[in-house]
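One structure is given below, encoded as structure tokens.
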Amino acid sequence: MSAAPIDDPPRGNLAGFRRYFKQDIVSGLLVFLIALPLCLGISLACGYPPIAGIFTAIIGAIVTTFISNSELTIKGPAAGLIVIAIGCIEDFGGDGLIGGWTDADLSAYKAALAVGVAAAILQILFGIFRAGILGEFFPISAVHGMLAAIGIIIVIKQFPVALGVTGASGGPLEMLRQFPDYVIQANPAIATIGVVSLLIMFCWPMAGRRVAILKKVPAPMVVLLVAIPMGMGFDLLHEHAYSLANHEYQLGEQYLVKMPDRAFGMFDDITLPDFSALWQFKAWKWAMMFFIIGSLESLLSAKAIDLLDPWKRKTNMDRDIVAVGVANLCAAGIGGLPMISEIVRSKANIDNGARTRFADFWHGIFLLCCVALIPTVLHRIPLAALAAMLVYTGYRLAHPAEFVHVWRIGKEQLAIFVTTMFMVLATDLLIGVAAGILLKIIIHVSNGVPLGSLFKPYLEVEEVDAQTSRIIARQSAVFSNWIPFKRQIEDVGLVQRRNLIVDLSDAKLVDHSVMEKLVELERDFEQEGLSFEVRGLDFLKPLANNPHAARKRSLPRMRRVTVTASESLEETLIEQFIACGASGYTAIPCRGAGRHGLETGLSKQDQVRLELVVSAAVCEAMLDMLRREMVDRHSITICVENVEVLRADDFMPDDRARAAVVAHD
């Protein structure tokens with residue numbers, strides 16, 4: 001469980017190192033247990049030697065601890081970069097570990113290291129020149145679509161490895177069509193290890209929810225505790241064959257992780273980059289992809305962890321990118337993978353009770369000790385077990401819940417999400433993300449956003465009082481003009497230490513990305529002891545029933561409820577409607593008779609007609625109340641109509657207004 005906040009936030013300085021030593025070293029140990037198999041698996045999936053992932057995690061943990069101020073993020077190799085890394089290896093003539101490690105693989109590996117150095121230098125410059133805000137440009141739905149595509153690609157690429165199929169290669173869609181063949185070609189012994197490992201990855205979290213003590217043991221470690229004995233039972237350390245159903249299958253060390261055969265043998269595997277590869281144009285294509293996607297993922301992860309931090313400490317994103325860049329430079333210089341701030345391990349770090357960035361440091365020290373002192377134990381890990389972990393990781397990135405979540409935010413967001421995902425699968429990451437961005441721009445233009453305001457916000461700043469300013473946004477507030485918009489907000493509010501009102505009432509469109517980023521800014525202002533208020537959203541119509549949905553200039557729709565009942569029920573009905581959330585009402589005395597009165601010849605009765613304009617949710621609550629408490633007991637007529645209003649907020653419930661109305665009645 002994460003720790004409860006305390007008055008004095010823990011800091012990763014010398015005093016914090018001493019004060020929180022116990023909590024940080026325990027969390028570092030538990031994160032190490034998760035990181036060890038994932039570093040090996042990610043490295044293999046990237047086409048790098050297994051130890052490359054360990055190099056990355058060790059350097060990331062030690063170097064970034066003393067540069068970044070991010071207290072809870074864990075730096076290391078991440079599944080999100082697998083697609084770029086293996087693409088780079090293949091473009092330089094390697095095929096990863098398909099068919100064994102050859103001279104061509106080594107040459108491609110060294111070229112990829114040089115690409116990693118170039119990307120790291122770009123990251124360092126990116127942070128030094130305070131360009132971390134560029135991560136704000138990418139629309140959220142396109143980023144999520146990219147991550148979902150990466151997850152699908154990981155599943156497709158690792159599925160044959162988990163089944164013991166060798167030589168499987170090709171593009172994602174091509175490999176997907178070959179899945180039936182992979183099942184037929186599966187090596188039963190290896191597939192057993194892979195399937196059992198995959199079942200553990202999926203079932204262990206469910207078991208942890210039922211039995212609390214199991215939650216403390218990470219699923220990847222359980223996989224290793226089961227898979228290593230299974231590998232020993234199949235005698236994978238020695239080359240041999242076995243027969244099953246009239247088929248002969250081969251077993252041997254090719255199905256195990258390749259690691260040094262002696263203590264401290266890791267230093268023999270240090271590999272230097274081949275910088276001559278940078279003379280080729282394609283090298284810079286991959287360097288830009290590592291730089292852009294790696295920086296973006298790292299920024300998004302660091303932001304997400306800041307929101308989960310029990311002490312709400314804020315990471316300096318420019319400083320963090322510099323730290324990641326320096327660590328990437330060191331890692332690529334000795335044979336390591338690119339790294340980012342990794343979300344899964346960082347979340348585990350919080351859950352394990354970490355206090356400061358030294359938890360990351362200790363996780364790196366444990367990795368260093370493990371790979372230096374007991375590499376022969378790591379050699380016994382079956383590749384199928386690591387592949388199963390990555391299949392689970394890929395599934396989490398492309399979880400069906402992601403599709404549902406995006407759909408609830410808006411149909412247009414789902415279109416951007418799915419377009420980005422399919423284009424990444426069919427082409428590559430940059431083209432896929434570019435397609436998602438282009439579709440979003442087309443949707444914005446179709447929703448009335450002027451072309452001139454797509455990349456330039458039209459803002460007016462005025463003083464409200466001595467402590468407060470107002471920024472009025474005209475035309476549009478969308479992802480593509482958000483960077484200068486955000487700079488204006490930060491300069492007026494956070495830099496000048498002023499309370500801020502952002503008025504969006506004159507905007508034609510506020511998109512989903514901006515809606516979410518405004519919520520983040522509200523938290524930033526709150527941490528600085530300042531107020532941040534967004535006004536004018538009630539003049540805009542949400543495109544979906546979600547607080548973060550895009551909003552378009554249009555009259556918002558509400559429900560007008562008309563209830564006609566006996567005059568004696570007026571007070572009771574008003575009280576009940578207000579309790580359901582109505583913000584006001586109109587009562588009109590009238591006389592009339594219903595169907596029953598006409599049939600029985602009753603004279604006209606004194607009645608009251610109540611009219612209320614409410615939201616759809618409040619309308620449903622009112623109708624439920626009427627069905628439950630009124631309709632069967634009294635003669636009541638109820639009518640519901642859809643209406644458009646100028647300001648939706650005028651009809652939203654307010655506790656003070658509700659109390660005043662009740663008191664007045």
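If you check the side chains of Gln123 and Asn328, you find a donor sitting under 3.5 Å from an acceptor. Between Asp465 and Thr468, the side chains place a donor N or O and an acceptor N or O closer than 3.5 Å (distance only, hydrogens not considered). Using modelled atom types, one finds a donor on one side chain and an acceptor on the other under 3.5 Å when comparing Ser505 with Asp503. A donor-acceptor pair shorter than 3.5 Å can be found between the side chains of Ser68 and Asp320.
In this structure, OH in Tyr458 is found 9.0 Å from OG in Ser476, a value given to the nearest 0.5 Å. If you take OG on Ser141 and CD on Glu412, they are separated by 7.5 Å, rounding to the nearest 0.5 Å. Note that the CD1 atom of Ile42 and the CE atom of Met389 stand 11.0 Å from one another [nearest 0.5 Å]. For the atom pair Leu390 CG and Leu38 CG, the distance stands at 7.0 Å (nearest 0.5 Å). With rounding to the nearest 0.5 angstrom, the CG atom of Leu504 is 11.5 Å from the CZ atom of Phe539. Rounding to the nearest 0.5 Å gives a distance of 5.0 Å between CD1 of Ile82 and SG of Cys46.
At a threshold of 4.0 Å, the pair Lys75-Glu342 does not count as salt-bridged, since none of the basic side-chain nitrogens sits closer than that to a carboxylate oxygen. Residues Glu520 and Lys517 are not paired through a salt bridge, judged by the lack of any N-O separation under 4.0 Å between the basic side chain and the carboxylate. A salt bridge links Asp351 with Lys347: the distance from a Lys NZ or Arg NE/NH1/NH2 to an Asp or Glu carboxylate oxygen falls below 4.0 Å. A salt bridge links Lys314 with Asp524; the closest basic N to acidic carboxylate O contact falls under 4.0 Å. Ion pair Arg553/Asp506 flagged as a salt bridge, since at least one NZ, NE, NH1 or NH2 atom sits closer than 4.0 Å to an Asp/Glu carboxylate oxygen.
Counting non-hydrogen atoms of other residues, nucleotides and ligands closer than 6.0 Å to CZ of Phe403 gives a total above 12. Within 6.0 Å of NZ on Lys282 lie more than 12 heavy atoms contributed by other residues, nucleotides or ligands. The environment of CZ in Arg470 is crowded: more than 12 heavy-atom neighbours from other residues, nucleotides or ligands sit within 6.0 Å. The environment of CD in Glu644 is crowded: more than 12 heavy-atom neighbours from other residues, nucleotides or ligands sit within 6.0 Å. For NZ of Lys312, the number of neighbouring non-hydrogen atoms (other residues, nucleotides, ligands) closer than 6.0 Å is greater than 12.
Looking only at side-chain heavy atoms (C-beta outward), Val643 and Arg559 stay at 4.5 Å or farther from each other. Between Leu72 and Arg313, the closest side-chain pair of non-hydrogen atoms falls below 4.5 Å. Put simply, the side chain of Val519 does not reach to within 4.5 Å of the side chain of Met515, judged on heavy atoms. Between Ile441 and His444 there is no side-chain heavy-atom pair separated by less than 4.5 Å. Looking at heavy atoms from C-beta onward, Glu71 lies out of side-chain contact with Pro9 at the 4.5 angstrom threshold. Pro172 places none of its side-chain heavy atoms less than 4.5 Å from the side chain of Val83. Annotation: side chain of Tyr392 is in contact with side chain of Phe202 (closest heavy-atom distance under 4.5 Å). In this structure, the side chains of Glu528 and Leu494 come closer than 4.5 Å at one or more pairs of heavy atoms.
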Walk me through whether Ser346 and Thr73 qualify under side-chain hydrogen bond (donor to acceptor under 3.5 Å, both in side chains). CA-CA 5 Å; Ser346 300; Thr73 55; 5.2 Å; no
Pair Arg551, Leu543 - check side chain to side chain contact (heavy atoms under 4.5 Å, CB included), show working. CA-CA 6 Å; Arg551 293 177 178 245; Leu543 300 185; over 6 Å; no
Begin from the C-alpha positions of Ile305 and Ile343 and carry the test side chain to side chain contact (heavy atoms under 4.5 Å, CB included) through to its verdict. CA-CA 7 Å; Ile305 294 304; Ile343 186 72; 3.6 Å; yes
Run Leu429 and Ile150 through side chain to side chain contact (heavy atoms under 4.5 Å, CB included) and show every step you take. CA-CA 9 Å; Leu429 286 173; Ile150 289 172; 3.8 Å; yes
Run the side-chain hydrogen bond (donor to acceptor under 3.5 Å, both in side chains) test on Glu463 and Ser469 for me, step by step, so that the C-alpha distance in whole Å, both residues' side-chain angles and the decisive distance to 0.1 Å come before the verdict. CA-CA 4 Å; Glu463 290 190 10; Ser469 294; 5.6 Å; no
Determine, stepwise, if the pair His363 / Ile74 fulfils side chain to side chain contact (heavy atoms under 4.5 Å, CB included). CA-CA 9 Å; His363 123 271; Ile74 299 294; 3.6 Å; yes
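The shortest heavy-atom contact between Ser298 and Val324 is OG-CG2, 3.8 Å. Closest heavy-atom contact between Thr420 and Ala142: CG2-O, 3.3 Å. When all heavy atoms of Ser480 and Phe137 are compared, the pair lying nearest together is CA-CE1, 3.8 Å. Across all their heavy atoms, Ile154 and Ala79 have their closest contact at CD1-O, 3.4 Å. Between Ser513 and Ile140, the closest heavy-atom pair is OG-N, 3.1 Å. Between Cys619 and Val561, the shortest heavy-atom contact is SG-CG2, 3.8 Å.
Side-chain N or O atoms of Asp624 include none that pairs as donor or acceptor with a backbone N or O of Ala621 at under 3.5 Å. Arg319 places a side-chain N or O within donor-acceptor distance of the main-chain N or O of Ile67, the cut-off being under 3.5 Å. Asp306 contributes a side-chain N or O that, together with a main-chain N or O of Thr315, makes up a donor-acceptor pair within less than 3.5 Å. A donor-acceptor pair under 3.5 Å is absent between the side-chain atoms of Thr419 and the main chain of Gly436, judged by distance alone. Checked by atom type and distance alone, the side chain of Ser615 pairs as donor or acceptor with a backbone atom of Val618 at under 3.5 Å. A donor-acceptor contact shorter than 3.5 Å is absent between the side chain of Asp511 and the backbone of Ala550. Remark: the backbone N or O of Gly87 is not paired with any side-chain donor or acceptor of Asp91 at under 3.5 angstrom.
His512 and His548 have tilted rings, their planes meeting at an angle from 30° to 60° on a 0 to 90° scale. In this pair, Phe291 and Phe126 present their aromatic rings perpendicular. The plane angle is above 60°, beyond the 30 to 60° band.
Annotation: Trp482 is not in aromatic contact with Phe479 [ring centroid separation under 6.0 Å not met].
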